[in-house]
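Structure first, then comments.
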2 protein chains.
Amino acid sequence: MFFTTKAEYGVRLLIEIGRQGQDQPVSLKVIADTENLPLAYLERIVALLKRAGLVQSTRGAHGGYVLARKPTDIRMDEVVLALEGSLAPMECFVDDRADDGRVLCSHHDDSGRGCATKLLWTRVQVGVSNTLAQTSLAELIEFQSRQLPRAGERAAPGERTPAPA
Amino acid sequence: MFFTTKAEYGVRLLIEIGRQGQDQPVSLKVIADTENLPLAYLERIVALLKRAGLVQSTRGAHGGYVLARKPTDIRMDEVVLALEGSLAPMECFVDDRADDGRVLCSHHDDSGRGCATKLLWTRVQVGVSNTLAQTSLAELIEFQSRQLPRAGERAAPGERTPAPA
DNA sequence: GCTATCCCGACCGCACTGGTAGGATTAGCC
DNA sequence: GGCTAATCCTACCAGTGCGGTCGGGATAGC
């Protein structure tokens, strides 16, 4: 597994904000309750989303968070990048370059050649990035709403949707 | 970053075995020296590759490892899967299912519905898997050989290939 | 002023990663 | 038969980051 719960919780946060926050801000407490997630931890995660300009906050009573943009304009590559800090599939591949732009690859810096593994990880990173970019928050909100027809509603016990392949 | 050095070192292992081991087995010592990697650690990594049937070993003096198949028949999704244990992008997504095949998702097991995040991580996993599957060991060996024209040879000091975009 | 909420830094246990140590086993070779 | 080169195996260890908690400060509605 390579993404942490930051990505999981953060995406859920956005989905819930999108679903419940049409007109007024959504408090973390509500989300923590409905999603059954630790509030204090969510606070730290939503800070990442705010820093990335994906949500806006209102302080004080009846405060909370709203999406900074329309859900159709929020792509998941932005979101995951904000939450995880990087989409690089390998340590030696995170974007810390030398001043001249050369990529530092610790195990080949003596020869200075482009390593074959770099080719591979580049392809992976591009693939992940493209995949995430092709999913918008709006799509996930819509998917979620199909699963739970109305906000707060819950499936009747025993009536479980068969896993959609 | 989400792959560990196991994947990095393991892929390099295979490349070196493929490059140097046309006729005779390649010892880990040689690889550890040429790639400047810790021998004892490589031992544990190559064990993963052997268990997955990607390499074969010969014990004793002049022993070492050879590829179990032609490099063209070794796809990187197999390799990374063997090394990392899983390609699942999320913990709640690793393939440990209930007996009936239901996927366990810890945060939604009370409602039992497919979560929207699952949709997202599924796409990512398929994307990564496809990307890796489209790269064969042969391609990486060839790439590496272009960088270092002959085995053991090294670029003249100062003559550095410009990073191939 | 009370309370709900965002905000922020410190702290903490745990698991895993990356790596080491030491030895057992196997096999070529003189 | 010994020496040596190599695979194999288990245990160990330090560091780091993850997931989570705690306490408190700032802010705003009522």
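Side-chain atoms are counted along with the backbone in the values below, which use heavy atoms only and exclude waters and symmetry mates. All figures in this text were calculated on a predicted structure; none of them were measured in a lab. Per chain, numbering begins at 1; letters A, B, ... match sequence-line order.
A/Gln56 has its CD atom 11 Å from the P atom of C/dC7, to the nearest Å. Between A/Glu91 atom CD and D/dG17 atom P the separation is 8 Å, expressed in whole Å. A straight line from CG of A/Leu28 to P of D/dT21 spans 14 Å, rounded to a whole angstrom. D/dC18 atom P lies 11 Å from atom CG of A/Leu48, rounded to whole Å. Nucleotide D/dG29 holds its P atom 14 Å from the CD atom of A/Gln24, rounded to whole Å. As a whole-Å value, the separation of B/Asp33 CG from D/dA5 P is 13 Å. Remark: P of D/dG20 and CG of A/Leu42 are 10 Å apart, rounded to the nearest angstrom. At whole-Å resolution of the value, NZ in A/Lys6 and C1' in D/dG19 are 9 Å apart.
Relative to the side chain of B/Tyr41, the nucleotides C/dT20, D/dG19, C/dC7 differ in distance, and C/dT20 lies closest. Distances from the side chain of B/Lys50 to the nucleotides C/dG18, D/dC8, C/dA4 place D/dC8 closest.
The 5' end of DNA chain D is approached more closely, in terms of each residue's nearest nucleotide, by B/Arg59 than by the other of B/Arg59 and A/Ala40. In terms of position along DNA chain D, the nucleotide closest to B/His62 lies nearer the 5' end than the nucleotide closest to the other residue of the pair B/His62 and A/Leu39. DNA chain C is contacted by both A/Arg44 and A/Ser57; A/Ser57 maps to the nucleotide lying nearer its 5′ end (nearest heavy atom per residue).
Between B/Arg19 and B/Ser145, the closest heavy-atom pair is NE-OG, 3.7 Å. Summarising the geometry of B/Pro25 relative to B/Val66, their closest heavy-atom pair is CA-CG1, 3.6 Å, with the distance given to 0.1 Å. For B/Ile45 against B/Gly10, the heavy-atom pair with the smallest separation is CG2-CA, 3.8 Å.
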Hey, can you pull the donor-acceptor pairs under 3.5 Å for the side chains in residues 69-82 of chain A, sequence neighbours left out?
| from | atom 1 | to | atom 2 | distance (Å) |
| --- | --- | --- | --- | --- |
| A/Arg69 | NH1 | A/Asp73 | O | 2.8 |
| A/Arg69 | NH1 | A/Glu78 | OE1 | 3.2 |
| A/Arg69 | NH1 | A/Glu78 | OE2 | 3.4 |
| A/Arg69 | NH2 | A/Glu78 | OE2 | 2.7 |
| A/Arg75 | NH1 | A/Asp77 | OD1 | 3.0 |
| A/Arg75 | NH1 | A/Asp77 | OD2 | 2.9 |

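Contact of A/Glu43 with C/dC7 (side chain to base): a donor-acceptor pair of N or O atoms is detected under 3.5 Å.
Applying the ring pair (Phe, Tyr, Trp, His ring centres under 6.0 Å) criterion to A/Tyr41, with sequence neighbours excluded, gives A/Tyr9.
A close approach under 4.0 Å does occur between a side-chain nitrogen or oxygen of A/Thr5 and OP1 or OP2 of D/dG19. Within the 4.0 Å cut-off from OP1 or OP2 of C/dT5, not a single side-chain nitrogen or oxygen of A/Thr58 is found. For C/dG19, the OP1/OP2 oxygens have a side-chain nitrogen or oxygen of B/Tyr9 closer than 4.0 Å.
Across all strands, A/Gly60 comes closer than 4.0 Å to base atoms (heavy-atom distances).
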